[in-house]
Amino acid sequence: MTTIVIGEALVDLTWHTGTAHIVPHPGGSPANVAVGLHRLGQPASLMTCWGDDPPGDLVRAHLDSTGVRVHRLPSASGRTTIAVAYLDDATGSARYDFLATWDPQDIHLPDQATLIHTGSLAAVVEPGATRIAETCHTHRSHPGRAVSLDLNVRPAVLPDRDTYRTRTERLVAVADLVKASDEDLAWLYPDLTPEAAAQALLGLGPRLAVITRGAQGATALTAEHQITVPAPPTHVVDTIGAGDAFQACLLDTLLQPDGTIHIPTTPAELETVLRRCVTAGSLTCARAGAQPPTGEEITAALAAEDSSLAPTTR
């Protein structure tokens with residue numbers, strides 16, 4: 001049984017504000033999630049496409065170096081997506097612009113696939129977005145199979161809010177779990193609080209919704225429960241890939257040995273899941289670029305946090 005991550009692999013051109021230097025880094029949210037799952041020991045495969053061009057050469061070399069199993073889908077345009085990440089050195093936060101292409105021609109899942117994860121550009125950039133939606137719908141119709149979605153909203157690729165929301169919600173409707181940042185939800189649903197927006201997403205079909213809040217931590221919502229945990233204190237180098245590390249950790253925590261997804265049913269379970277995930281995100285923030293942690297690093301960080309909170313005796 002295996003997890004299939006479907007979506008873009010791209011090149012981030014990182015531009016530090018106030019400088020004239022641009023540095024290319026291979027990445028892409030789905031690709032980062034696949035790498036994160038691999039580092040956590042999950043048998044995940046990445047389905048993506050890129051062009052036979054200089055950015056594509058960088059993507060290929062990066063994916064080869066990670067050890068992730070990659071199935072390169074044929075692309076109609078033969079172009080690689082490029083993102084410009086404008087990095088604010090004062091806060092470590094990034095804002096993005098894109099030269100986006102997502103046009104896989106054929107998506108055929110292996111028979112042993114039990115979980116599909118997708119999101120970000122691939123969920124809204126056509127023609128690939130419709131092909132992914134169809135694939136997820138067919139996959140989800142089989143018993144024991146699940147779909148995970150990370151909205152990772154990027155208005156630069158589709159400024160029309162109504163169209164963006166429509167394309168997103170067709171995937172939410174077939175997802176078992178959905179993750180979004182508070183900024184994602186504020187842009188998609190400007191008249192709702194993040195919690196109300198997440199409840200609206202739950203109403204479309206998922207069993208779990210997770211809101212990431214940066215330094216403020218994360219919130220998990222089910223039909224019965226809502227719980228928030230803080231993020232651990234972190235010296236932020238940059239935030240690139242932090243949400244993807246959180247997502248990979250979320251899937252790793254919920255995945256069962258048979259490839260199915262366990263949705264927590266109690267507040268205590270939800271808290272345990274969120275603590276592990278915010279720790280994964282914070283570890284990624286503490287180093288440059290999308291460098292998700294290993295399971296051993298997460299366990300050590302949690303143990304250190306527990307130790308610091310333990311009462312002392314005199």
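Heavy-atom basis, side chains included; hydrogens, waters and symmetry copies ignored.
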Non-hydrogen side-chain atoms of [X] and [Y] separated by less than 4.5 Å:
{"X": "S45", "Y": "V70", "result": "no"}
{"X": "V273", "Y": "L250", "result": "yes"}
{"X": "I82", "Y": "F98", "result": "no"}
{"X": "R275", "Y": "P230", "result": "no"}
{"X": "L185", "Y": "L192", "result": "no"}
{"X": "H25", "Y": "V11", "result": "no"}
{"X": "R60", "Y": "R72", "result": "yes"}
{"X": "I211", "Y": "S181", "result": "no"}

SB check [X] [Y] (cutoff 4.0 Å):
{"X": "D184", "Y": "R213", "result": "no"}
{"X": "D162", "Y": "R167", "result": "no"}
{"X": "R131", "Y": "E126", "result": "no"}

request  = Check the pair V237 / C285 against side-chain contact (heavy atoms from CB on, under 4.5 Å), numbers first and verdict last.
outcome  = CA-CA 6 Å; V237 175; C285 287; over 6 Å; no
inquiry  = Let's go through D176 and R140 carefully: what are the C-alpha distance in whole Å and the side-chain angles of both, what is the deciding distance for salt bridge (charged side-chain N to carboxylate O under 4.0 Å, His left out) to 0.1 Å, and is it a yes or a no?
reply    = CA-CA 9 Å; D176 294 84; R140 188 64 181 78; 2.8 Å; yes
Indicate whether any N or O donor in one side chain lies under 3.5 Å from an N or O acceptor in the other, for [X] and [Y].
{"X": "T253", "Y": "R276", "value": "yes"}
{"X": "T101", "Y": "D103", "value": "no"}
{"X": "E269", "Y": "T265", "value": "yes"}

For residues 145-159, tabulate all N or O donor-acceptor pairs below 3.5 Å that involve a side-chain atom, not counting sequence neighbours.
unit_1 : atom_1 : unit_2 : atom_2 : d
S148   : OG     : H117   : ND1    : 2.8
S148   : OG     : Q247   : NE2    : 3.4
D150   : OD1    : N152   : N      : 3.4
D150   : OD1    : K179   : NZ     : 3.4
D150   : OD2    : K179   : NZ     : 3.3
N152   : OD1    : R154   : NH2    : 3.2
N152   : ND2    : S29    : OG     : 3.4
N152   : ND2    : S120   : OG     : 3.0

Between side-chain atoms of residues 105-115 and protein atoms elsewhere (two or more places apart, or another chain), which donor-acceptor pairs fall under 3.5 Å?
unit_1 : atom_1 : unit_2 : atom_2 : d
T114   : OG1    : T2     : O      : 3.3
T114   : OG1    : G259   : O      : 3.1

Are [Y] and [X] connected into the same hydrophobic cluster when the rule is that any two of I, L, V, M, F, W, Y join if their side-chain heavy atoms are below 4.5 Å apart?
{"X": "L99", "Y": "L121", "value": "no"}
{"X": "V178", "Y": "L188", "value": "yes"}
{"X": "W50", "Y": "L13", "value": "yes"}
{"X": "L251", "Y": "I263", "value": "yes"}
{"X": "V229", "Y": "L302", "value": "no"}

Nearest 0.5 angstrom please: [X] [atom1] to [Y] [atom2], how far?
{"X": "Q216", "Y": "T228", "atom1": "CD", "atom2": "OG1", "value": "11.0 Å"}
{"X": "L10", "Y": "T81", "atom1": "CG", "atom2": "OG1", "value": "6.0 Å"}
{"X": "D252", "Y": "C277", "atom1": "CG", "atom2": "SG", "value": "8.5 Å"}
{"X": "E305", "Y": "T279", "atom1": "CD", "atom2": "OG1", "value": "5.5 Å"}
{"X": "H225", "Y": "E271", "atom1": "NE2", "atom2": "CD", "value": "13.0 Å"}
{"X": "T166", "Y": "R161", "atom1": "OG1", "atom2": "CZ", "value": "12.5 Å"}

Determine the minimum heavy-atom distance between [X] and [Y], stating which atoms define it.
{"X": "P24", "Y": "L58", "answer": "CB-CD2, 3.9 Å"}
{"X": "A100", "Y": "V125", "answer": "CB-CG2, 4.5 Å"}
{"X": "P267", "Y": "I227", "answer": "O-CD1, 3.5 Å"}
{"X": "V174", "Y": "C136", "answer": "CG2-CB, 4.0 Å"}
{"X": "P264", "Y": "L254", "answer": "CD-CD2, 3.7 Å"}
{"X": "G119", "Y": "P30", "answer": "O-CG, 3.9 Å"}

inquiry  = Under the rule for ring pair (Phe, Tyr, Trp, His ring centres under 6.0 Å), what residues qualify as partners of Y164, not counting sequence neighbours?
reply    = W187
message = Determine whether I240 and T14 satisfy the following criterion, side-chain contact (heavy atoms from CB on, under 4.5 Å), listing intermediate values before the conclusion.
response = CA-CA 10 Å; I240 295 173; T14 305; 4.3 Å; yes
message = Determine whether I132 and W102 satisfy the following criterion, side-chain contact (heavy atoms from CB on, under 4.5 Å), listing intermediate values before the conclusion.
response = CA-CA 11 Å; I132 282 186; W102 176 243; 3.6 Å; yes
request  = Check step by step if side-chain contact (heavy atoms from CB on, under 4.5 Å) holds for L274 and F246.
outcome  = CA-CA 9 Å; L274 287 187; F246 183 108; 4.1 Å; yes
Can you tell me if [X] uses its side chain to pair, donor with acceptor, with the backbone of [Y] under 3.5 Å?
{"X": "T239", "Y": "A242", "value": "no"}
{"X": "D244", "Y": "G36", "value": "no"}
{"X": "T234", "Y": "V236", "value": "no"}
{"X": "T222", "Y": "L208", "value": "no"}
{"X": "T284", "Y": "A280", "value": "yes"}
{"X": "T260", "Y": "Q256", "value": "no"}
{"X": "R79", "Y": "D52", "value": "no"}

ask   = Does NE2 in H21 sit with more than 12 non-hydrogen atoms of other residues, nucleotides or ligands closer than 6.0 Å?
value = no
ask   = So does H262 have more than 12 non-hydrogen atoms from other groups sitting under 6.0 Å from NE2?
value =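 Yes, enclosed.
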